[in-house]
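So the structure is just underneath, and the comments pick up after that.
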Amino acid sequence: MSFFRITLHRSAIGLPQRTRGVLAALGLRKRTQTVFQPVSAQAAGMIMKVKELVKVEEVDRALSPKELRDERRPEPGFWIEKAVPRLSKID
């Protein structure tokens, strides 16, 4: 069974109540929030109503909240991208 991975990218502030209701029905409340909905005609119709506000991908399985957090977390440590030339101290 596949799922729609739906992420809210644009805010619903100032939009009609009907549009905000569609977002609520999808389970989206905050920007960058991600939800998973089973692939169905009903979910596809709701996505089409708010297609300008959301980013949608089709995935094989729904990720758990912990997996979503781990996906966003950067790797520990740091990288030196380019060595900066040091100025010698002028006496």
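As the structure is a prediction and not an experimental result, all values here were calculated from the model.
Residues L68 and F36 are in side-chain contact: their nearest non-hydrogen atoms beyond the backbone lie under 4.5 Å apart. For the pair L15/L53, a side-chain contact is recorded, criterion being any heavy-atom separation below 4.5 Å from C-beta on. Annotation: side chain of L28 is not in contact with side chain of T7 (no heavy-atom distance under 4.5 Å). Residues L63 and E71 have side chains in contact (heavy-atom distance under 4.5 Å, counting atoms from C-beta outward). Contact annotation: the side chain of T19 never approaches that of K49 to less than 4.5 Å [non-hydrogen atoms, C-beta and beyond].
Between the CZ atom of R20 and the OG atom of S11 there is a distance of 9.5 Å, given to the nearest 0.5 Å. Between the CZ atom of R5 and the CD atom of E58 there is a distance of 13.5 Å, given to the nearest 0.5 Å. The line from NZ of K55 to CD1 of I47 is 13.5 Å long, rounded to the nearest 0.5 Å.
When all heavy atoms of A25 and Q37 are compared, the closest pair comes out as O-NE2, 4.4 Å. Here the closest non-hydrogen pair linking P38 and A43 is O-CB, 3.7 Å. Across every non-hydrogen atom of L23 and A12, the tightest pair is CD1-CB, 3.5 Å.
Taking a 6.0 Å sphere around CD of Q42, one finds it holds 12 or fewer heavy atoms contributed by other residues, nucleotides or ligands. Heavy atoms of other residues, nucleotides or ligands lying less than 6.0 angstrom from CG of D60 number 12 at most.
Partners of E75 according to the salt bridge (Lys or Arg N to Asp or Glu O under 4.0 Å) rule, which considers only residues two or more places apart in sequence or in another chain, do not exist here. Applying the salt bridge (Lys or Arg N to Asp or Glu O under 4.0 Å) rule to R61 yields the partners E67; only residues at least two apart in sequence or on another chain are considered.
Clustering ILVMFWY residues whenever any of their side-chain heavy atoms sit less than 4.5 angstrom apart, transitively, puts V22 in the very cluster that holds V39. Cluster membership check: F3 does not share its hydrophobic cluster with V54, using side-chain heavy-atom separations under 4.5 Å among Ile, Leu, Val, Met, Phe, Trp and Tyr.
With E57 contributing its side chain and F4 its backbone, the two residues share no donor-acceptor pair below 3.5 Å.
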Inset, instruction - Kindly indicate, with the supporting measurements, whether the criterion side-chain contact (heavy atoms from CB on, under 4.5 Å) is fulfilled by T34 and I6. - result: CA-CA 6 Å; T34 300; I6 309 164; over 6 Å; no
